[in-house]
Each structure stands twice: as C-alpha cells, then as structure tokens.
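Only heavy atoms go into these numbers, but all of them, side chains included; no hydrogens, no water, no symmetry mates. In the text below, chain A, chain B and the rest are named by the order of the sequence lines, each starting its count at 1.
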Amino acid sequence: MRKIYKIEVDCANCAMLCEAAAAKVEGVKSASINFMTQKMAVEFAEGSNEEKVLKAILKTCRKIERGFDIEL
Amino acid sequence: MKRKHRIMLARITVSAAGTLALNILPVTGLVRFALFSAFYLLIGYDILFDALRGIWNRRFLDENFLMAIATVGACALAVYEKSGDYNEAVAVMLFYQTGELFQGIAVGKSRKNIAALMDIRPDYANLEKNGVLIQVDPAEVAVGTLITVQPGEKIPLDGAVISGSSSLDTSALTGESLPRSVREGDSVISGCINLTGVLVIRTEKEFGESTVSKILELVENASSRKSRSEKFISKFARVYTPAVCAAALALALIPPALSLMMGRDAGWHEWIYRALTFLVISCPCALVISIPLSFFAGIGGASREGILIKGSNFLEALANVRILALDKTGTLTRGVFEVTEVIENTIDREKLIEIAAYAESASSHPIAKSLISAYGKEIDRSRVRDIEEIGGMGIVCRVDGVSVAVGNRRLLASRGVGCPEYSGASTAVYAEIGGKFAGIILISDVIKENSRDAIASLKKRGVKKTVMLTGDSEKIAEAVCRELCIDEYRAQLLPADKLAEVERLLNDKGKLAFVGDGINDAPVLARADIGIAMGAMGSDAAIEAADVVLMNDDPAQVARAIKISRKCIGIVKQNIIFSLAVKFSCLALVAAGLANMWLGIFADVGVMVIAVLNAIRALKTKQ
C-alpha cells in the first residue's frame, strides 16, 4: 500500500539521508522524499502495521534531523 | 516569515551586534572570554546540541558535528594562543546560521512562488438554490450537479455546457492567449476562466478527478522523479563530506608530524587551523539544495506555458533530444478534412461546391462533412432527390432536377463520362452534372499554420533528424514533408509498424522524442525516450501515457519545451561547475596556507547563496 504524507524537513542533505534511512526501516518496501514539495511517499510491505512503521520512520529520521516531522 | 525564522534572525542580530561591540569596547581576559562565549552560545547552541546528539546516535560526519568541532577548535586555539581573538569562532557560527536561515527562507519562498504561479485551482463552485447562487466547496460537488459559472469566474469542475455561450481563457492551462468559444453541448474543463457569458454546466467529474487537480498533482509529483544530475549529486555528497573530513584529519596530523620528524617546530596551530577550515568547506549544501530547486523551478515554469513535464528526468532528457519522430494526422495537420482547391471546373466554383454539398447532404462521411462545411449555407433538402449511394464509388442523385454524380474517378468512368486524371497528393472528388464532367474538388487534411515554423525552430534547437510517421499514402506523406522541411518520412504505417519504426530510430547518441496526439499512441509514447502527447486538453489517456503533455495543439510548443529544458540544465551545470570549482580551489588555497576561515565561510555559505539565486532563474520561462 502506497501512501503520501506531508512532512517537514529543513535541510536538503538531511532529506536525502532520511530517505535512505526510511527505506531501511522494517515494514517499508520503498520510500521517497521530495524535499521541494515536502512530501514523503512510503510503500508499505505486505501485512505491516502502518502506524507502527510510521512511528519507526519518525524516530529514525528524528535522529538525523531534530526538526523532522510527519503530518499524520 | 515563519516564527522559527524570526527567532533565528533575532539571535543572529543580537550575536552580531554583541560581537561587534566586544571588538570595539576595551574588554579583556576572562570577562572577554565569558562574553564572547555567551554570544557564541546564543548563536550556536542548537548546533552544539545537535552535534552531541549526533555523537550519541553515532552520526559523526554531519554538518553540526563538523561545525561544532571547527568553532570549538578555533576558540580553543584562541585561548591557547592567548590571542583573545575569538572572532573567527563566532563568525563561523554566525555566518553558518545566516546561511542556513537564508536557505530556509529562499527555499520556502521559492516553493510558495512556484505554488502560487500554478495556483490555477478554483476555490468555489456556484450552486443555484431557489433562484439564489450559493458558493460551495468544489470538492463537495457530486457528478451530475448543475453549477453556474459567471463571467470572470474560474470553471471549478470538468463538465458539459447545458445552457449559455461564452468564450473561455484557457491560458492558465495551455499558455494559449486566444480565447476559446463554447456553447451548449460543448465540454469544458476546470481551470479555464469564463470571460463573457453566464454558463450553466453539468459536472462530469469530481473535483479530485477534474483536469485542474490532475495537472497540479502531476506537476507536484514531477519533482519526485529524480534526474541523473540529482542522483549524481546524492552520490557525490555522500563521498565528498567524508573525503574532505579525512583530508582535514590528514592535514591536521601529517604535516606537523613530518615537521617534528625533521626536527623542526611542529606548527600545530597552523595546521589545525587549516584543518578546521577544511571542515567548514566540507558541507555540500550548495549543490544539494540548488539542483533540486532548479528542476522544481523549471517544471513549474514550464507548466505555466502549458507544458506539463512529468519528471525531472524527462526535463533533463528533453535537453538532449536529437531525433524527433512525429505523427502526422492531428499533430502536424489539423486532422480534419477540408476543401483546399477546385480544379478543372467547367462551371463556377461556388456552384460546383454547392451541388456537391447537396449531393453529399445525406452522408456522414468525413468527405461529405468537408463539402457541406465548405458550402457553408443551409441545405434545403427538398432540392435533392433520388439519392443513391454506391459503395466504393460515390453518390448519384438529382439536384434541382438535374442528374448529378459525385465520387471517385471510377464512378464517372462507370457512367461513361470522361474526365482528366488527377495524380496529386490530395483526395480528389470528381463531379458530373447533367451527364457532363463538371470539375474536381480537392480535399485534404490541412497542415497547421505553425507546423512549418515549429520544425524550423526545432532544427535550430539542435534536433538533427526529424521523421514523420503516418498511415497515409506515400504521396501525401511526401508532399507534407516537403512543405514542412521534414527530413524523412515513413508512410502506410499500421499502428504496430509505428512502434517498430521508433525502435529502429532509437540511438545511443541523443534522445528520441515522439510527438503524437496520444489517443492511440500509448505503446509508442512509452517506447520513445520521451513521449510527448499534444493537444491533450481533457484527454485522460494521453495524460496517462505520455512523459510530457502539451496542453494545446501548437507544434511550436515542442520547440519551446526543449528551450526551457536547455535553460534549466544550463543553470544546473553552471551551479555544479561553480560550486565545485570554488570549493576545490578554496580547499587548495587553505591547504597552501593562503586563506583563512573567512574564505572557508564564503566557500560554504556564499556559494550556497549564489547557487540558490541562480536556481530561481529557471522559473522565468517567458521568451
């Protein structure tokens, strides 16, 4: 299932790193972050709990950039 | 300005003022150190905090950590040397934060500007209730509802005109300045501005599915498809920062070690200072920000011209188009048959057309339609009698009591009427009136006015080969190509043949673009490097299948699209070369001891500011 979220990320470099980190989170099939439009597209793996996965993505990306946020 | 930006600006101002004051006022020793530290912390506390968090999370090579080391190191050096010159440490932090602030504001503003440019989205729809118009959210209007659009308002949803007639300004979608007239029965699409008359429209699509929403979504998502340049920058950034940091470490350790080995003074201060400056230059920000911004601006600017590019990678590819394959009917020609000439006529031209139109008045064949529209006046059906349609040949009837035969040469031959032969490129309609040959009416698919200039400008833009693909006959293809100066043609093609031809034309050197009207060309559009669908206003299938969608029917838009993409790629290349050149030369200068931290700051922040400003240029697409 593919969903698009509005996100807040301040620096383009961080966006790049967050994209790579998010893709490695368990339950994520693929992730892409568009810095210019401040949107993140996540393709969830089969049978994964979306809410949990999103929380994990948020946690990982917050380690990269403190101000990272996902609008749920 | 957003709140967090405002806070940052305040911090910068106070810090800068404070530092300046400390330089003028005669304060020394511990007090000086304390005050400087205060201002330093004011401006840099979040960086230091993030640096510590970074170490905790094992992220050593992020900017925060590097900035922290660079500035703390500079402070330590100042203390060690008892120079009391803490300026550089604070200055580095100050300029770094200023640069980040600028970046945040500039990117935020660009986003807003680009979004506003593309703000073709209508805000409300008018529903009539008990004779009064009330405004509702267009997203809440169901399919099949009647909405009213008054002059000056934007059409909020796709639909069909139930009553009223008007002219529409389609420039927001197509970039075309000529208004389009509509009346009862015509389809209209959302986003157009109603100019003159009140229209009542029955909606055919929901707001989310209407053209305007689809276009906005398309353009927004376009920047998600990364171009090769962007992918390169990502890879580069991942390598550059660690490399420069390693170099900094080497710079801090090796030369002093060598000096010591040679029995000379180590000169730690000197080399550590240079290493710290290296760290300042190690941030690839300028590139990472400005390249995506350029593409975003380029795509946004193009969409205002009615050119929808579905990905940054396609924008990049457009700049490299060398071969252009074009569909004929509907792309280079209007796709509508029209009477172009009357030859060998023994009676008056107007009369001949009139009689032919009457003869064909009962037929719905495209040829019949063109004759009827060429005649232009109302057909009085009572004047035509005994209409007989002979398959494959034409029509025989009586007009005003006189026997008339209109059709191909075989029809007249079968009636024993001799006539001159026509061997040109148009479709010929022979007419016989009262048993005698009366003339030949030539009907062809008219070439669009702009096609010739379009091909000429495409050639000027570096398209080396133009090829026309058509299902029509060789004669017609050859004539059209000669008139438009197209290099080659392939005629008599079945749809599957078109695909094969395009595959044959694909080449390593340069990209192949295919331009078609999208309706039946999906596989070909997919196979070409760049599939361009033209005249796609409202056509869902075309918007789906193509990589680039031209919203109006003008072939000159292809040339314009290439021009826009070249400008954008040009800006991208400028930024890459400029940023890399400045960074590497600054690194060299610092290593050689010819520069100080101020130059380092310029190489980082200054370059970024310049790159972002340059990137915004990609927005200006009007010629």
Chain A contact via B/F49 - side chain, backbone, both or neither, heavy atoms under 4.5 Å: side chain

For residues 42-50 of chain A, please give each side-chain donor-acceptor pair under 3.5 Å, one per line with the distance, not counting sequence neighbours.
{"residue": "A/S48", "atom": "OG", "partner": "A/A45", "partner atom": "O", "Å": "2.7"}
{"residue": "A/N49", "atom": "OD1", "partner": "A/E51", "partner atom": "N", "Å": "3.1"}
{"residue": "A/N49", "atom": "OD1", "partner": "A/K52", "partner atom": "N", "Å": "3.4"}
{"residue": "A/E50", "atom": "OE1", "partner": "A/K3", "partner atom": "NZ", "Å": "2.8"}

Residue, of B/N221, B/L287, B/I233, B/D50, that accumulates the most heavy atom pairs under 4.5 Å with chain A: B/D50

So which bits of residues 32-39 of chain A come within less than 4.5 Å of chain B, counting non-hydrogen atoms only? A/I33, A/N34, A/F35, A/M36, A/T37, A/Q38, A/K39

Decide if atom CD of B/E206 counts as having more than 12 heavy atoms of other residues, nucleotides or ligands within a radius under 6.0 Å. no

Taking only residues two or more places apart in sequence, or in another chain, which ones meet B/R11 in a salt bridge (Lys or Arg N to Asp or Glu O under 4.0 Å)? B/D46

Contacts of B/F207 that satisfy ring pair (Phe, Tyr, Trp, His ring centres under 6.0 Å) - sequence neighbours left out: none

Kindly compute the distance separating NZ (B/K4) from CD (A/E8), expressed to the nearest 0.5 Å. 4.0 Å

Minimum heavy-atom distance B/R53-A/R62, with the two atoms named: NH2-O, 3.2 Å

